[in-house]
Peer 1: 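The structure is given below, and queries will be raised subsequently.
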Amino acid sequence: YPTWKRTLARRARESQMKRFCRAQAIQRRLEEIEVTFRELEQQGTKLEKLLRDENESPADQQTQWTNQLLYLVQKKNNLMTEESDLMIAVQELKLEEQQCQLDEKLRSYMNKKDTLKTPEDEKAEQEILKQLVEVVNKRNVLIQLQEEKRLSEL
């Protein structure tokens, strides 16, 4: 088993572990965001109820409640933006994993000598190459989407 094949296999395992760790971190953060959403909803509901029910409250108190409610809405919007970014990252991870698998399959066909390839092998190799190009294009679209989003936020 040549050294370069072992190196490629080791790097593939390392990149797969990195993707797995990133996916776990994203999943944890999405769960945290979900919990925070619920908490913000509860706080917002309480503030809305206070604003509706307490018409006799001093104007300062109502202004404070309104400001708190606006702060909660802003916080929720920020979390929604972060959640959207994380969902894009999840899609990107899936495409990265798919690309890795296709690379591996393609490499196995390309390592075969041309004289030993059957017409089915050549057809499969072309199909894998086509799928690989599609995955790369999808990843490119996601990257462009992220860049446009980043520029619009600036």
Side-chain angles (χ1 to χ4, degrees), residues 4-111 123-154:
W4 64 272
K5 284 187 179 181
R6 284 194 305 265
T7 303
L8 282 176
R10 181 177 42 81
R11 286 185 182 161
R13 281 192 309 274
E14 287 172 357
S15 65
Q16 186 177 19
M17 283 304 296
K18 284 180 184 176
R19 283 191 302 276
F20 180 72
C21 289
R22 280 190 2 228
Q24 281 185 322
I26 289 170
Q27 185 61 39
R28 273 194 304 275
R29 183 61 189 142
L30 285 171
E31 289 169 1
E32 290 170 2
I33 288 173
E34 187 64 34
V35 169
T36 308
F37 269 150
R38 279 190 235 118
E39 291 171 357
L40 291 175
E41 285 289 328
Q42 290 173 352
Q43 291 173 9
T45 304
K46 287 178 187 175
L47 285 171
E48 283 182 36
K49 191 172 184 174
L50 284 171
L51 282 169
R52 286 190 186 129
D53 294 344
E54 301 293 328
N55 291 333
E56 304 87 36
S57 298
D60 291 346
Q61 183 67 44
Q62 288 189 351
T63 304
Q64 183 181 4
W65 289 336
T66 304
N67 287 338
Q68 286 176 345
L69 190 60
L70 290 174
Y71 173 74
L72 291 178
V73 169
Q74 181 183 18
K75 202 170 178 181
K76 186 175 177 183
N77 286 340
N78 290 340
L79 286 174
M80 288 177 72
T81 301
E82 184 181 355
E83 184 180 41
S84 170
D85 291 342
L86 290 173
M87 295 308 288
I88 290 172
V90 166
Q91 289 176 331
E92 193 173 354
L93 278 174
K94 286 179 182 177
L95 290 173
E96 198 175 315
E97 178 67 28
Q98 196 176 2
Q99 181 179 350
C100 226
Q101 291 171 354
L102 290 171
D103 277 339
E104 198 173 306
K105 285 181 186 177
L106 185 62
R107 196 173 290 115
S108 71
Y109 280 110
M110 293 179 96
N111 286 337
K123 187 176 179 181
E125 184 179 342
Q126 291 302 315
E127 183 60 33
I128 291 171
L129 190 58
K130 181 181 167 189
Q131 290 174 356
L132 191 57
V133 168
E134 288 175 9
V135 168
V136 169
N137 287 337
K138 287 178 184 177
R139 284 185 70 191
N140 188 39
V141 167
L142 281 178
I143 290 169
Q144 287 177 346
L145 179 68
Q146 285 176 320
E147 185 63 20
E148 288 173 10
K149 194 172 180 181
R150 186 186 67 81
L151 290 174
S152 70
E153 288 174 359
L154 292 177

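Small disclaimer: the values here were computed from a predicted structure and weren't measured. For reference, positions follow the sequence shown, starting with 1.
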Peer 1: What side-chain donor-acceptor pairs closer than 3.5 Å can you find for residues 89-97, not counting sequence neighbours?
Peer 2:
| from | atom 1 | to | atom 2 | distance (Å) |
| --- | --- | --- | --- | --- |
| Glu96 | OE1 | Arg22 | NH2 | 3.4 |
| Glu97 | OE1 | Arg19 | NE | 2.8 |
| Glu97 | OE1 | Arg19 | NH2 | 2.7 |
| Glu97 | OE2 | Gln101 | NE2 | 3.3 |

Peer 1: Could Glu147 and Arg150 be called an ion pair, given the rule that one side-chain N must be under 4.0 Å from one carboxylate O?
Peer 2: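 Counted as a salt bridge, because a side-chain N and a carboxylate O are separated by less than 4.0 Å.
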Peer 1: Identify all side-chain donor-acceptor contacts of residues 124-144 below 3.5 Å with residues at least two apart in sequence or on another chain.
Peer 2:
| from | atom 1 | to | atom 2 | distance (Å) |
| --- | --- | --- | --- | --- |
| Glu125 | OE1 | Lys117 | NZ | 2.7 |
| Asn137 | ND2 | Val133 | O | 3.3 |
| Arg139 | NH1 | Gln99 | OE1 | 2.5 |

Peer 1: Who passes side-chain contact (heavy atoms from CB on, under 4.5 Å) against Asn77, sequence neighbours left out?
Peer 2: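 So Asn77 forms a side-chain contact (heavy atoms from CB on, under 4.5 Å) with Val73, Met80.
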Peer 1: Supply the atom-to-atom distance Gln74 CD to Leu79 CG, rounded to the nearest 0.5 angstrom.
Peer 2: 11.0 Å
Peer 1: Do the side chains of Arg29 and Glu32 get close enough for a salt bridge, i.e. N-O under 4.0 angstrom?
Peer 2: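 Salt bridge present between Arg29 and Glu32.
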Peer 1: Going from OG1 on Thr36 to CD on Glu82, what distance comes out if it is rounded to the nearest 0.5 angstrom?
Peer 2: 9.0 Å
Peer 1: Under the rule for salt bridge (charged side-chain N to carboxylate O under 4.0 Å, His left out), what residues qualify as partners of Asp103, not counting sequence neighbours?
Peer 2: none
Peer 1: Check whether more than 12 heavy atoms from other residues, nucleotides or ligands sit under 6.0 Å from atom NZ of Lys18, and answer yes or no.
Peer 2: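 Not more than 12 within 6.0 Å, no.
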Peer 1: For Trp65 and Leu51, work out which heavy atoms get closest and say how close.
Peer 2: CB-CD2, 3.8 Å
Peer 1: Counting C-beta onward and ignoring hydrogens, is there a side-chain heavy-atom pair between Arg13 and Met17 closer than 4.5 Å?
Peer 2: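 Result no, sub-4.5 Å side-chain heavy-atom pair not found.
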Peer 1: When rounded to the nearest 0.5 angstrom, what is the spacing between OG in Ser15 and CZ in Arg10?
Peer 2: 11.0 Å
Peer 1: CD/Glu153 to OG1/Thr81 distance, rounded to the nearest 0.5 angstrom?
Peer 2: 6.0 Å
Peer 1: So for atom CD, which belongs to Glu104, do other residues, nucleotides or ligands contribute more than 12 heavy atoms lying within a distance under 6.0 Å?
Peer 2: no
Peer 1: Using the salt bridge (charged side-chain N to carboxylate O under 4.0 Å, His left out) criterion, which residues pair with Lys76? Sequence neighbours excluded.
Peer 2: Glu41
Peer 1: Only counting residues at least two apart or in another chain, list the ones meeting side-chain contact (heavy atoms from CB on, under 4.5 Å) with Arg52.
Peer 2: Glu48
Peer 1: So, taking the atom named CE in Met87 and the one named CG in Asp85, what distance separates them when rounded to the nearest 0.5 Å?
Peer 2: 11.5 Å
Peer 1: To the nearest 0.5 Å, what is the distance between CG on Leu86 and CG on Leu30?
Peer 2: 5.0 Å
